[in-house]
Amino acid sequence: MRLFPLTLALLLSCTAAQAQIAAAPQPAVETAIDVPKGILGNAVQPLSYRLDLTVDPSRERFSGKVEVGAVLERSSHSVILHGRDLAMHSAKAVIGGKSYAGMWREVDPTGVAELRFTQPLPAGPVTFAFDYDAPFYDGPSGMFRVNVGGDWYSWTQFESIDARAAFPSFDQPSFKTPFTVTLRTPPGLTAVSNTPEISKTLESGLEIHRFAPTLPLPTYLVAMMVGPFATLEGAVPPTPQRARPLPLRIVSTRQNADRLSFALQGSKEIVALLEDYFADAFPYPKLDQITSPIMPGAMENAGADLYNDSLIVLGENAPVRQQRRFGMVVSHELAHQWFGDLVTPRWWDDIWLNESFANWMGYRIGDAWKPRLNIRAGALAEGFAAMDTDALVAGRPIRQKIDTNAQIDSAFDGITYGKGGHVVAMIAAFMGDAKFRDGVHRYMAAHRYGNAASTDFFAAMAEAAGDPRIVPAMRSFTDQQGVPLLTFTRKGNRYTVTQSRYAYFGTASPDTRWGVPMCVRHAQEKQCTLLTEQSASFSFAGAGPLVPNAGGTGYYRFELPRRDWDALIEQADSLQGGEAQALADSLSASVLAGRSSVRQLAALARKLVHHADSYASDAATAALADLASAGLIAEKGERGWSRFRGTLHGPLLAGYGFDPRAGAYAGEDPEKTQRRAQIVERLMDSTRDKSLREQLLKAAGSYLDGDPAALDPVWFGPAFEAHLRQGGMTAAKALVGKALASEDPLFRPAALNAASATGNEEIARWLLDELNDTRLRPSEKHGLLTGIILTGETRDFGYAWLHDHLEELTSGSGGIFFSSRLPRLLGRFCSVERADTFASELRPRFAGKTGELELERVIERIRNCGRLREARGSEISREFARLK
Ligand SMILES: [Zn+2]
């Protein structure tokens, strides 16, 4: 699975509609039972499922007849399994031809259910048979439906624990069994599941789609999609690993029909690259790549991956960012067909074995797919961003014990993805590519179509590495939270390096020791060592600054003596891209720890702005922008910051040129196109470039008046923001109206996003309280709230609204997409008092719920920022005021 980052606000979503759903009739509670809050015991071993579901997306409910073949370990009156919001008509056990009627009741809001019998079931083989119906949700979890362009479609999204809202099940990743799926739909609809459709017949006015039995799968990877889909068919040609063509389809809602060929071609190429890496054929008999407009990211269902429209539907001359995301996310989801689907963690505490690896592979294979897009550099950017979270005292290690269902979704965070991916890259670089790949092959071969845990992975790596230090070093990063800080001191050419745990200004971190694979560079001379002691020394001959994170793949921050910082900053434009990103991260971390200055960070921004790598070129400017938007600086500081951006970026844009028309830069080097986009965004932020603003306003006007050639999608964000800042409420109403009438995967979210970020409280109020348009999806309403709270001028209004609507926002099962990430919206407040207020107002409301950890992180972040402002705010503000 891959979630969109929070800044893509409108694509972030959503709670299911459970609050409005009438509860199924429940038998009176007869006997108190010990409800398992997390992992189920071994009392029942499921062996196979037959799902026969009637799915008509135009109705509010679907129905199912489900049989689960299983073995009872011992005789019992009671079977514990999973189900949520299921209206059960009958539930029974069939043993040796004898039928036992059961009483179904749901005993926990996370979807734990009990099936109770009046007489004990004997141990041994059993078939459970269920007949039920259940609601479609309107947010992306369980079985959900959306009206797109007048047609109803339904999709499934089961990770982490939402399969239980679609069928009664033992909904836990350790249970891998074959599934035989039948879908009964209104005639003429397309039905898609994990395997090829083997027959289609008509019976009692319904079309019966029967699918081949699957290879062993856990419940969370099952998929069932129904609707009048458009499909583009093809095949991945044979490869050295696979003798036959692999059937491949792109499946999307009808209005996207003419924009599916990019995805077909790209998916073919990416499958072949992955088969080469794994030295193994694609593990399933076909692949469908399916899109839904409300999916807030992507999901790796075996042979039936699901994506947000914007990830798969790419028009001609798609923006560089969209192409990069396609390469990274498709590679990520398809890597999961091996890491996650073929070999599945036993329990959610090892989800890093899925996500950290898929993240690493996503960037690596994406980069191999189209090197011009520089996708690989995005992995480092994500890793350095994760350090900001990992540096807090509240937190979690990559690998963490999970006791309750409510904790599961919080494991899908920046630590698992960004840190996990970075740590995998670091270990792979240290072991060497060939040995690391050998370890991956051993691990896959030993657990094909089965389950595994971290210990299995570590054992495979230890065998492949031939270096006993690798596993303890890796575990020091997977099992401990925190970012190593390497502090370098110097005497002549001799350096001493000391490791500690990085801490923000005014805070103390627990004492922690890692096995750090450290690579340093002096000119062309590179030294790599595994730093296991607290301190070590090394020497360099020759001149040139010390580069403390050679290549940028090390998951650590560094601190330098003043003149070493200055020497490194002076040479920053000639560093490798990853090294430049590492420098910007460590220097801004040094500012936030109260050591380095804004002046040094600005000097770095001036150097890096000329860097050829678009991730490196903006890294220091982005760090300054974060400081400025955190509320650390006063008005004079704001003016200096605005002036600085104008001086820095104005002349650059003159060199690059600017033409907002669609396709104006088609065929250009993608890095150059991306640089221009960054520069325009920075200049528009600073409001200083009037002619740029005029050009964008004019182009937005023509575009909205019906000339699609007037504005390239890459400029939607800044152009619509300018349009709304000028046109106010009238323009906002018109733009939102156009957005809701459109299903364009780039225009609709960009327009709504711009409407949420105007900083105009009247517009914000209208969006949240008065806009009762049924075309506005619940996920989009959450997106509007996100934009309003992330924008400084409407932040307080947004928080007040959130405070009043919190229960409504966190009810339902959309934890993985919304509830667990909700507190993050508050991360841009900056004061000790605010931190205290949130602690007293929100802690009781999140206690024991998904989102609890995220709340602790955000409170700490706000308090740290407040402390820095109290102690050093005026000095930081003065430094910003002096920027030129
Ligand atoms: Zn994933």
Side-chain angles (χ1 to χ4, degrees), residues 4 8 10-17 55-62 135-157 183 185-193 223-232 249-263 288-299 301 304-315 322 708 713 716 735-753 771-784 814 817:
F4 281 130
L8 282 161
L10 279 158
L11 302 170
L12 171 83
S13 167
C14 170
T15 60
V55 180
D56 178 351
S58 71
R59 295 174 180 251
E60 291 184 355
R61 299 179 76 86
F62 62 95
F136 285 105
Y137 293 155
D138 58 4
S141 70
M143 178 94 71
F144 63 97
R145 63 173 199 147
V146 181
N147 190 298
V148 184
D151 295 315
W152 285 99
Y153 298 82
S154 71
W155 297 266
T156 54
Q157 163 60 34
L183 293 172
T185 72
L189 299 188
T190 299
V192 181
S193 189
M224 295 170 279
M225 328 298 190
V226 174
F229 289 111
T231 57
L232 180 63
R249 291 186 300 182
I250 311 299
V251 179
S252 187
T253 50
R254 287 205 289 204
Q255 84 290 349
N256 294 328
D258 60 348
R259 283 179 291 172
L260 305 180
S261 52
F262 184 98
D288 286 317
Q289 302 269 68
I290 306 149
T291 85
S292 167
I294 69 159
M295 182 68 188
M299 177 65 206
N301 309 308
D305 290 17
L306 179 62
Y307 300 83
N308 179 272
D309 281 6
S310 68
L311 292 166
I312 291 289
V313 181
L314 276 74
Q322 199 189 11
F716 279 173
L735 185 65
V736 169
K738 264 195 194 319
L740 295 181
S742 164
E743 291 294 346
D744 185 288
L746 294 181
F747 171 74
R748 179 172 170 131
L752 293 176
N753 209 6
L771 177 62
N772 290 314
D773 191 309
T774 52
R775 293 171 300 173
L776 186 70
R777 295 163 185 151
S779 51
E780 291 171 333
K781 192 134 188 168
H782 292 308
L784 295 175
F817 294 127

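Note that these values count all heavy atoms, side chains included, but never hydrogens, waters or copies made by symmetry.
Here Ile294 contributes atom CD1 and Trp155 contributes atom CH2; the two are 7.0 Å apart, rounded to the nearest 0.5 Å. We find the CD1-CG distance between Ile290 and Asp309 to be 12.0 Å, quoted to the nearest 0.5 Å. Atoms CG and CG, from Asp288 and Leu306 in turn, are 11.5 Å apart once rounded to the nearest 0.5 Å. Ile312 contributes atom CD1, which lies 9.0 Å from atom OG of Ser252 (distance to the nearest 0.5 angstrom). Distance check, rounded to the nearest 0.5 Å: OG of Ser779 to CE of Met295 gives 11.5 Å. One distance of note links CG of Leu752 with CG of Leu735; it measures 7.5 Å at 0.5 Å rounding.
Between Arg145 and Glu60, the shortest heavy-atom contact is NH2-CG, 3.7 Å. When every heavy atom of Met224 is checked against every heavy atom of Ser193, the shortest pair comes out as CG-OG, 4.2 Å. Across all non-hydrogen atoms, the minimal contact from Thr156 to Ala223 is OG1-CA, 3.3 Å. Across Phe144 and Ser292, no two heavy atoms sit closer than the pair CE1-OG, 3.8 Å. Nearest approach of Pro186 to Val55, heavy atoms of both residues: CD-O, 3.6 Å. For the pair Phe136 and Ser154, the tightest heavy-atom approach, listed with the atom from each and the gap, is CE2-CB, 3.6 Å.
Ion pairing between Asp744 and Arg259 holds under the 4.0 Å rule for side-chain N and carboxylate O.
Counting only distance, with no hydrogens or angles, the side chain of Arg777 and the backbone of Gly139 share no donor-acceptor pair below 3.5 Å. Checked by atom type and distance alone, the side chain of Asp773 pairs as donor or acceptor with a backbone atom of Arg775 at under 3.5 Å. In this structure, Gln322 contributes its side chain and Val313 its backbone to a donor-acceptor pair below 3.5 Å.
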**Chi angles and distances behind the side-chain contact (heavy atoms from CB on, under 4.5 Å) call for Thr291, Asn308** = CA-CA 5 Å; Thr291 85; Asn308 179 272; over 6 Å; no

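Side-chain contact between Thr253 and Val146 is absent, with no heavy atoms from C-beta onward closer than 4.5 Å. Residues Phe747 and Pro713 are not in side-chain contact: their nearest non-hydrogen atoms beyond the backbone lie 4.5 Å or more apart. The shortest side-chain heavy-atom distance between Gln157 and Tyr137 does not fall under the 4.5 Å cut-off. Residues Arg748 and Leu740 have side chains in contact (heavy-atom distance under 4.5 Å, counting atoms from C-beta outward).
Residues that satisfy the side-chain hydrogen bond (donor to acceptor under 3.5 Å, both in side chains) test with Thr190, not counting sequence neighbours, are absent from this structure. The salt bridge (Lys or Arg N to Asp or Glu O under 4.0 Å) search around Asp305 returns none, not counting sequence neighbours.
Put simply, the residue from Asn301, Leu183, Val251 that forms a side-chain contact (heavy atoms from CB on, under 4.5 Å) with Met225 is Asn301.
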